[in-house]
Amino acid sequence: MLTVRATLDPAFRIAPIDPRLFGSFVEHMGRCVYGGIYEPGHDDADADGFRLDVLKLVRDLGVSVVRYPGGNFVSGYRWEDGVGPVADRPRRLDLAWRSVETNAFGLNEFMAWTKRAGVEPMLAVNLGTRGIQEACDLLEYANHSGGTHLSDLRRSHGAEQPHGVRLWCLGNEMDGPWQIGHTTAEDYGRRAAETAKAMRQVDPDIELVVCGSSNVNMPTFGSWEATVLEHAFDHVDYLSLHAYYEQHGEDRASFLAAAVGMDRFIEGVVATADHVAAKKKSRKRLKLSFDEWNLWQESRFAGQTNLSWAQAPRLIEDTYTTEDAVVFGNLMMTLLRHADRIAIACLAQLVNVIGPIRTEPDRPAWAQTIFHPFALTAAHARGEVLRVEPAVERHDTAEHGDVPLADVVATYDEASGAIAVFAVNRHPDRAARLALDVRGFGELRVAEQLCLGGGDPGELQATNTADDPQRVTPRVVSGAELANGRVTARLAPVSWNLLRLVPGA
Ligand code: AHR
């Protein structure tokens, strides 16, 4: 058996947890909007066409903020197409996903949906085919109270009150050759800075996200961030990161340690942002917006060029296993560990398209395996993240080199005294004994231990389906003990665990 030792102490804290860490993403892609959150005529849809079964799952997931409308889609999008009487809205080619966009769902529908879901909206402007003027027009339409052409147009469309959207993304993945309007860091940095300045003149209360690299493997990763920030550093609030993880071939050990790759990615972006701050002699510590992250079997995606102008086609509807949920839960732990710099994180995407929620037209919506670590983390990671230095055996992986065989992250809610310990055992067949020193907290007891995973290969490959939507759910584990300020618990092989400690004897 492995042993994982760590000390939790209320004196050692990383940062408060921003609820925006539990965000998600709705793109006009595949069946995320149409047939996902919005399906007029469905048995469980309301008068606005919003699927109530999906809305319930979104609330259960604990999502705080939702980014919209893309993604790659936004770089060819005309926001005006999606407002006003639905019958007058044009059908368009969506070049990003070679799909037909009906525009039946647009900004005002999205805003109504966010209210119903209880989430904060985060909008992206098109800096692919459009520019400063259209970004300012959209902002005026969305946020200006009235008395101008565009704000009065919104009112005439039934949205009397301004939407008051605070979070805005300056385009999407502009370093990617697949992006409509793909450009250089120099060009994008200047464009983003000027768009930011103009948008702040329309509404000084907005918060702006500038595009970082599309992923850590881009040849320009690092230099892209540095150049963009040379121009935009003083004009933006956040720098974006995007990352998708999958198992490559038979290399399971690297996949199980994907969180180590995410850790290093974040550290690289922080270093680059701080390098620019140092050059500018600025004390500003730019926050990060990890506004697309998830597991995605991207190498199996046939590619955009093979798509064929369908309306809401089934695109990248990955089905997740229990093992995926373990890796996914560990990625969430990494986001928490960097709560001092990551202010926003969006699980990409929300429904059907690599989503934690799945739908079929004739079936109730269901939760995929990855739904569970997200919902439990969003529900129990409260207060501040503690600085934890777990000590455990390490092993070598092809992708990440030397990595620890287990990971531990903990949060402490001073108001309630509750501690949430998130622990992952990455070993394929050895269980681990978790030994925590919690003497710094006074009297505590173990409220519960929940676990996803375990060594059984059949169990690890299990999935949730429309026919068996509860096949994979977290199970209660007994045996965790707390005595004399020391906790011991068993972590099954390949498992994600939540251990809740609460005040009391
Ligand atoms: O989430 C799917 C796509 O992945 C997004 O449209 C794009 O931003 C990223 O490359």
Side-chain angles (χ1 to χ4, degrees), residues 23-34 36-37 63 65-77 93-99 101 110 122-129 167-183 188 192 209-221 224 228 238-246 262 265 288-307 312-320 324 328 331 344-358 368 370 374:
S24 188
F25 173 38
V26 165
E27 176 166 6
H28 282 249
M29 174 180 179
R31 298 192 308 129
C32 188
V33 172
Y34 304 106
I37 64 172
V63 173
V65 55
V66 175
R67 179 169 173 253
Y68 172 87
N72 296 341
F73 172 80
V74 80
S75 295
Y77 184 49
L93 296 182
D94 158 21
L95 305 188
W97 301 112
R98 276 178 80 87
S99 303
E101 172 57 53
F110 177 68
M122 178 181 191
L123 296 183
V125 300
N126 174 354
L127 289 189
T129 58
L167 282 173
W168 293 82
C169 303
L170 296 163
N172 179 69
E173 295 189 349
M174 300 306 297
D175 64 326
W178 59 87
Q179 200 70 213
I180 305 165
H182 165 225
T183 186
Y188 171 69
V209 184
V210 73
C211 291
S213 298
S214 306
N215 62 69
V216 70
N217 297 319
M218 296 300 290
T220 48
F221 171 63
W224 169 274
V228 166
Y238 310 98
L239 171 64
S240 80
L241 295 83
H242 289 182
Y244 294 100
Y245 301 92
E246 66 180 316
M262 187 191 239
F265 177 29
L288 308 184
S289 171
F290 212 129
D291 45 42
E292 284 187 36
W293 73 271
N294 199 353
L295 306 180
W296 174 9
Q297 295 179 347
E298 202 170 348
S299 51
R300 295 195 197 167
F301 176 48
Q304 179 266 6
T305 46
N306 292 313
L307 305 175
R314 289 175 185 264
L315 295 182
I316 61 169
E317 299 193 358
D318 288 10
T319 296
Y320 295 105
D324 289 333
F328 178 98
L331 295 174
I344 305 163
C346 301
L347 165 60
Q349 299 187 7
L350 184 60
V351 188
N352 291 327
V353 178
I354 46 173
I357 299 169
R358 284 285 291 274
Q368 293 229 59
I370 59 169
F374 189 104

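Along the sequence shown, residues carry numbers from 1. Numbering of ligands and ligand atoms starts at 1, following listing order. Scope of the values below: all heavy atoms of this structure, side chains included, with no hydrogens, waters or symmetry mates. Not measured: the values here are computed from a predicted model.
Note on ring orientation: taking the six-membered ring where Trp is involved, the planes of F265 and F290 are perpendicular (angle over 60°, cut-offs 30° and 60°).
Close contacts between ligand 1 and W296 involve ligand atoms 4 (O) [criterion: under 4.0 Å to a heavy atom]. When each atom of ligand 1 is checked for a heavy atom of E27 under 4.0 Å away, the hits are 5 (C), 6 (O). In summary, the atoms of ligand 1 found under 4.0 Å from a heavy atom of W97, numbered by their order in the structure, are 3 (C), 6 (O).
Looking only at protein heavy atoms, the nearest one to atom 10 (O) of ligand 1 is E173 OE1, 2.7 Å. The nearest protein atom to atom 9 (C) of ligand 1, hydrogens excluded, is given as E292 OE1, 3.1 Å; this is a heavy-atom distance. Counting only heavy atoms of the protein, atom 2 (C) of ligand 1 lies nearest to Q349 NE2, 3.5 Å.
With a 4.0 Å cut-off on non-hydrogen atoms, F301 does not touch ligand 1 at all. Counting heavy atoms under 4.0 Å from ligand 1, residue Y244 touches it through the side chain alone. Using a 4.0 Å cut-off between heavy atoms, N172 contacts ligand 1 through its side chain alone, with no backbone atom that close.
A donor-acceptor pair shorter than 3.5 Å can be found between the side chains of D175 and S214.
Between W296 and the choices R300, E298, E292, the side-chain contact (heavy atoms from CB on, under 4.5 Å) rule is met once, by E298. Among W97, Y77, Y68, the one residue that satisfies the side chain to side chain donor-acceptor pair (under 3.5 Å) test with H28 is Y68.
Where the criterion is an N or O separation shorter than 3.5 Å, residue side chain and backbone included, H242 fails it with respect to ligand 1.
Checking side-chain atoms of N352 against main-chain N and O of R31 turns up a donor-acceptor pair under 3.5 Å. Listed for the S240 side chain is no donor-acceptor partner under 3.5 Å among the backbone atoms of S289.
Under the 6.0 Å cut-off for aromatic ring centres, F328 and W293 qualify, their centroids lying closer than that.
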